[in-house]
Amino acid sequence: MTNKHLLDIETLDTQRIVQFLDTAEVFFDVSRRKVRKVPTLRGKTVINLFFEASTRTRTSFEIAGKRLSADVVNVSSSGSSVSKGETLLDTVKNLEAMRPDVLVIRHSSSGAPHFVAKHTTASVINAGDGTHEHPTQALLDAFTIRRSKGSIRDLVVTITGDVTHSRVARSNAHLLAKLGARVRVCGPRTMMPPGIERLGVEVFDDFARAAEGADVLMMLRIQRERMGEVLFPTAREYSRQFGLGKRVLAMAKPDAIVMHPGPMNRGVEIDPEVADGPQSVILDQVEAGVAVRMATLYLLAGEAGQSPLS
Ligand code: CP
């Protein structure tokens, strides 16, 4: 079960995480070649099933599949029979009848990919489920940090923003702790889930203190679409306390890197000067996304004993 699907980081062991990251290195080089295509998944079918909006994840899974020579089909809720009321289970059963090898699913309900995995023989990849997890985002973040810093062990990583609603924060907290980083989470108390300390993270509500001596500042998007209530007075007030600008950036180590999973609310959680500045690796994260998703598709759908590039 663990090796057939990628449903979350919480149940992944460290060895498997490192395998994803090391394999992504191979595919990172492929994506920088003149001819960015290998025959690895020829004859395999990948269905991208997106019930929520996405730019980076959906596009990079499509590019990843195509660079591996798989046949890739994109299904989104608005253009499919989901908009006519078809259930998730019926949708999956109908797609299953077309014999895909991999189902990549993004859904607003936490646990939807786990449910799908029980009703298909295909491999299932969680491309973000509700407020639960976004495992390939955490893998691409770790890949980016490792390439920038050489290793993740003992780094101080400060994750700031709407932690309660963030599947990115949850997956990263699990993954970075497993790889030996010291993780701090920071945000308004109203955006901090009770018991978050159990993930082994340190909790802050003062951004300057949380940023002090950090190697990595990872900013989270304010997720207005998941907020049932007003959790902060105004965007301006939030930005003043928890937005990353030059003043707080100066509290981190001089060679600290700045990350954001996207999409960014410029001027709210991050100052454009910092987002586009020399310490930002935000577009490196996007490039890493293709390599990590190629690695994921290969490790889940490749034949036993097959090498990554043939
Ligand atoms: N980081 C991320 O999941 O971006 P998208 O919503 O654009 O896929």
Side-chain angles (χ1 to χ4, degrees), residues 6-9 20-21 24 28 31 46-67 72-79 102-113 124-145 147 157 159-176 185 216-227 244 257-266 268-270 275-276 280-297:
L6 177 57
L7 300 177
D8 54 46
I9 298 293
F20 276 109
L21 300 182
F28 189 83
S31 287
V46 176
I47 299 182
N48 281 330
L49 186 52
F50 276 63
F51 293 91
E52 269 191 344
S54 168
T55 297
R56 283 145 288 269
T57 312
R58 197 198 59 75
T59 309
S60 59
F61 264 116
E62 181 175 355
I63 289 173
K66 287 179 172 169
R67 287 191 183 163
V72 183
V73 180
N74 295 308
V75 181
S76 64
S77 49
S78 59
V102 182
L103 285 176
V104 179
I105 176 166
R106 170 170 286 192
H107 202 283
S108 57
S109 295
S110 300
V124 176
I125 300 174
N126 179 359
D129 63 326
T131 58
H132 175 231
E133 282 224 34
H134 192 349
T136 57
Q137 179 69 43
L139 286 166
L140 76 86
D141 290 341
F143 181 88
T144 306
I145 296 170
R147 278 189 81 88
V157 181
I159 303 174
T160 302
D162 179 8
V163 177
T164 293
H165 294 95
S166 179
R167 54 198 179 203
V168 174
R170 204 156 282 103
S171 285
N172 265 298
H174 284 301
L175 191 152
L176 293 167
V185 291
V216 178
L217 295 175
M218 185 183 290
M219 304 309 295
L220 302 173
R221 181 172 71 88
I222 290 297
Q223 300 191 35
R224 296 172 201 267
E225 74 276 21
R226 289 190 218 283
M227 286 181 185
L244 180 60
I257 56 171
V258 173
M259 306 180 78
H260 193 303
M264 287 184 275
N265 295 300
R266 285 174 177 266
V268 181
E269 69 262 4
I270 191 163
D276 303 326
S280 169
V281 294
I282 292 169
L283 294 179
D284 296 341
Q285 291 172 261
V286 179
E287 183 178 9
V290 175
V292 161
R293 286 161 182 142
M294 287 174 83
T296 306
L297 292 173

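Note that the numbering runs from 1 along the sequence shown for the chain. Scope of the values below: all heavy atoms of this structure, side chains included, with no hydrogens, waters or symmetry mates. Ligands are counted one by one from 1 in listed order, and the atoms in each one are counted from 1 as well. Note that the structure is a prediction, hence the values are computed from the model and not measured.
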Could you find the nearest protein heavy atom to [atom] and give me its residue, atom name and distance?
{"atom": "atom 6 (O) of ligand 1", "value": "R106 NH1, 2.9 Å"}
{"atom": "atom 4 (O) of ligand 1", "value": "R56 NE, 3.0 Å"}
{"atom": "atom 1 (N) of ligand 1", "value": "P261 O, 2.8 Å"}
{"atom": "atom 2 (C) of ligand 1", "value": "T57 OG1, 3.5 Å"}

Element-labelled atoms of ligand 1 that are located less than 4.0 Å from some non-hydrogen atom of [X]:
{"X": "G262", "value": "1 (N), 2 (C), 4 (O)"}
{"X": "Q137", "value": "1 (N), 2 (C)"}
{"X": "T55", "value": "5 (P), 7 (O), 8 (O)"}

Check: Is there any N or O on R58 that sits under 3.5 Å from an N or O of ligand 1?
Finding: no
Notebook entry, point to check: Can you find a side-chain donor-acceptor pair between N74 and E62 that sits under 3.5 Å?
Noted result: yes
Check: Quick one: do the E133 and S171 side chains pair a donor with an acceptor below 3.5 Å?
Finding: yes
Notebook entry, point to check: For P261, does its backbone N or O pair with a side-chain atom of R221 as donor and acceptor, under 3.5 Å?
Noted result: no
Next item on the list: Report yes or no: does S60 contribute a side-chain atom to a donor-acceptor pair with the main-chain N or O of T57 at less than 3.5 Å?
Entry: yes
Margin query: Between the side chains of R266 and D276, is the shortest nitrogen-to-carboxylate-oxygen separation below 4.0 Å, so that they form an ion pair?
Written below: yes
Note to self: Apply side-chain contact (heavy atoms from CB on, under 4.5 Å) to residues I9 and L139 and explain how you reach the verdict.
What the structure shows: CA-CA 9 Å; I9 298 293; L139 286 166; 4.2 Å; yes
